[in-house]
Number of protein chains: 2
Amino acid sequence: MATKRSAAAARPRSSELDYPRPAVTVDIVVFTIVDADLKVLLVERGLPPFEGCWALPGGFVRVGEGGERGEDLEAAATRELAEETGLPAGSVYLEQLYTFGAAERDPRGRVITVAYYALVRPDLAPFVEGGSDASAARWWSVASEVQPSALAFDHALILDMALERVRGKIDYTNIAFELVPPTFSTAELRAVHEVVKGRAYDPANFRRRLRRMITDGVIVEAPGKRITGRRPAKVYRFARPQG
Amino acid sequence: MATKRSAAAARPRSSELDYPRPAVTVDIVVFTIVDADLKVLLVERGLPPFEGCWALPGGFVRVGEGGERGEDLEAAATRELAEETGLPAGSVYLEQLYTFGAAERDPRGRVITVAYYALVRPDLAPFVEGGSDASAARWWSVASEVQPSALAFDHALILDMALERVRGKIDYTNIAFELVPPTFSTAELRAVHEVVKGRAYDPANFRRRLRRMITDGVIVEAPGKRITGRRPAKVYRFARPQG
DNA sequence: ACAAAAGTGTTGCCAATACACCCATGC
DNA sequence: GCATGGGTGTATTGGCAACACTTTTGT
């Protein structure tokens, strides 16, 4: 296994880098909203530790040997996300969350994890279960199904922080558009805000917010209507992606 | 140098962890405000790469061998901060910023750095230069002295992100109190906001913000006054730390 | 007295909220 | 027609910016 020694040890001269290193993983909190319910993707662990427990999808950052550097951290997250969801890279919003490095957070040894969170549009969510990766991945209702204490490692803490981040950023960024289909009605967008924030919004006032976004050019009217069984609703789309 | 091979290679059984690992460092963007000027602490690099360049203070996360786990990530940042500034731990505000993991960011090999930012009160800033650590650390004016292109590694990018973070959080958090002495006048606190945001604030309106903070119990009047050569100003202190 | 800075009052603007109300549509 | 949910109008509140104004002090 000499070939498996660290890149630092393979270097000709001893240097600052020539010390024990932690393992580094990326873990991803993948959210979606289906049926007005916030869901998070969890995978069942097939190996100890925490065998049988549910955990956040993730994996080790690939680091090359010798002169090879391996993949960018962001690329590791993108790769894991694609592997675990089966969704093409670029179709899912991904953002770095926080890095968790408590010395004892993994019983196997020193593992530092860089956590990301991802937002999957509801129209893509059904394709995730039964995705390419064999590992049994499943959407869990954050409010009614996830048992924080039953999650592996410190993943409950990571999930908490991801929730907090999304709840905070939805008010002053455009991340809500990552949780609706490409075109959406005001009610659909409002439902996203309501589910994330856990409170009701006045439909009339929410509509005004939306109108401001139209005048600001953030969203535009889209062709078609939503047939709801009652009066159909206008649909809009986010202006940025499609220009 | 066989003893210096990575902990992963020394592990008896092959496992998920038994792969090449990146080196992990913490880098800290240490800010202070002196003479109404935002300053950042930089250290001169004594070794290649980037020898002679200025860089953010930082260092490797200590990871034990075998069963030893080493220090928490947060502890590594706290330790580096204390080493580089000479200030006692706990006297400086410290918060994780972002993790930078581009594969080619360090010419020596694969190094992932977890960046933090720190806020040093101006009354402590003079003790930092000529601190305990031998490395020549110096305060640089962010606006007028720092040459982003001259910084080592991707430290210009890290500095940028730290600036953005502080500028964003000063509006809705209490971090401004980490950049004034324990007691402060309204003008002093206002100067902090003005320097960070790079714009002027109306003294009258700023006073009102301050009054709201008094009624909300965030700050309290402190004994003493600021002698400015003109009319002395009342001084206040942040309520949280001292109760 | 005068300059400079602390501190107050007043006004207008903009968002967010609450709530009454109109409108279009499928049944 | 009528219930349902989409969509509009209006009043109120609170924060923030602008700016004229008063107060307090050292020189």
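None of the values given here were measured: they were computed from a predicted structure.
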Visitor: I need the B:Leu151 CG to B:Leu56 CG distance, nearest 0.5 Å.
Guide: 6.5 Å
Visitor: Regarding A:Glu95 and A:Tyr116, do their side chains bring together a donor and an acceptor under 3.5 Å, going by distance alone?
Guide: no
Visitor: In whole angstrom, what separates A:Lys225's NZ from C:dG26's C1'?
Guide: 14 Å
Visitor: Between C1' on C:dA15 and OH on A:Tyr201, what's the gap in Å once rounded to a whole number?
Guide: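 After rounding, the gap between these two atoms is 13 Å.
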Visitor: Please check if the distance between the ring centroids of A:Phe184 and A:Phe177 is under 6.0 Å.
Guide: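 Judged by ring-centre distance (under 6.0 Å), A:Phe184 and A:Phe177 do meet the cut-off.
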Visitor: Quick one: does B:Arg231 reach the base of C:dA6 with a side-chain donor-acceptor pair under 3.5 Å?
Guide: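 By the distance-only test, yes, there is a pair.
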Visitor: Students often get this wrong, so: under 4.0 angstrom with heavy atoms, is B:Arg199 touching a base, only sugar-phosphate, or nothing?
Guide: sugar-phosphate
Visitor: Atom CG of B:Leu210 and atom C1' of C:dT8: how far apart are they, to the nearest Å?
Guide: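 Taking CG of B:Leu210 and C1' of C:dT8, I get 14 Å after rounding.
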Visitor: DNA chain D: A:Pro232 or B:Arg209, which has the more 5' nearest nucleotide?
Guide: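 Closest to the 5' end, via its nearest nucleotide, is A:Pro232.
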Visitor: Distance check needed: D:dG6 P versus A:Glu221 CD, whole Å only.
Guide: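 Those two atoms, CD and P, are 16 Å apart.
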Visitor: Decide yes or no, distance alone: a donor-acceptor N/O pair under 3.5 angstrom between the base of C:dA15 and the side-chain of A:Asn205.
Guide: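 There is none.
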Visitor: Could you pick out which residue, A:Arg212 or A:Ile227, lies toward the 5' side of DNA chain C when each is mapped onto its nearest nucleotide?
Guide: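 Of the two residues, A:Arg212 wins.
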Visitor: Without decimals, in angstroms, what is the distance between B:Leu189 CG and C:dA5 C1'?
Guide: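 Rounded to the whole Å, the gap is 17 Å.
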Visitor: Start with the C-alpha distance between A:Ile158 and A:Tyr117, add both sets of side-chain angles, then the distance that settles side-chain contact (heavy atoms from CB on, under 4.5 Å), and finish with yes or no.
Guide: CA-CA 9 Å; A:Ile158 300 176; A:Tyr117 75 93; over 6 Å; no
Visitor: Just the rounded figure in Å: distance from C1' of D:dT24 to CZ of B:Arg207.
Guide: 13 Å
Visitor: Give A:Ala204 one of three labels, base, sugar-phosphate or nothing, depending on what nucleic acid heavy atoms sit under 4.0 Å from its own.
Guide: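 Here A:Ala204 touches the bases of the nucleic acid.
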Visitor: Is there a donor-acceptor pair under 3.5 Å between the side chain of B:Thr215 and the backbone N or O of B:Arg212?
Guide: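 Flag set: sc B:Thr215 to bb B:Arg212 pair under 3.5 Å.
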Visitor: Tell me what A:Thr186 touches on the nucleic acid: a base, only sugar-phosphate, or nothing, going by heavy atoms under 4.0 Å.
Guide: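 Sugar-phosphate, backbone atoms only, no base.
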Visitor: Counting the atoms with a prime plus P, OP1 and OP2 as sugar-phosphate, which does A:Arg208 contact under 4.0 Å by heavy atoms, base, sugar-phosphate, or nothing?
Guide: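 If one applies the 4.0 Å heavy-atom cut-off, A:Arg208 turns out to touch a base.
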Visitor: If I take atom CD in residue B:Glu194 and atom P in nucleotide C:dA5, what distance separates them, rounded to the nearest angstrom?
Guide: 13 Å
Visitor: Rounded to whole angstroms, how far apart are CG on A:Asp202 and C1' on D:dG7?
Guide: 11 Å
Visitor: Base, sugar-phosphate, or nothing for B:Arg190, non-hydrogen atoms under 4.0 angstrom?
Guide: sugar-phosphate
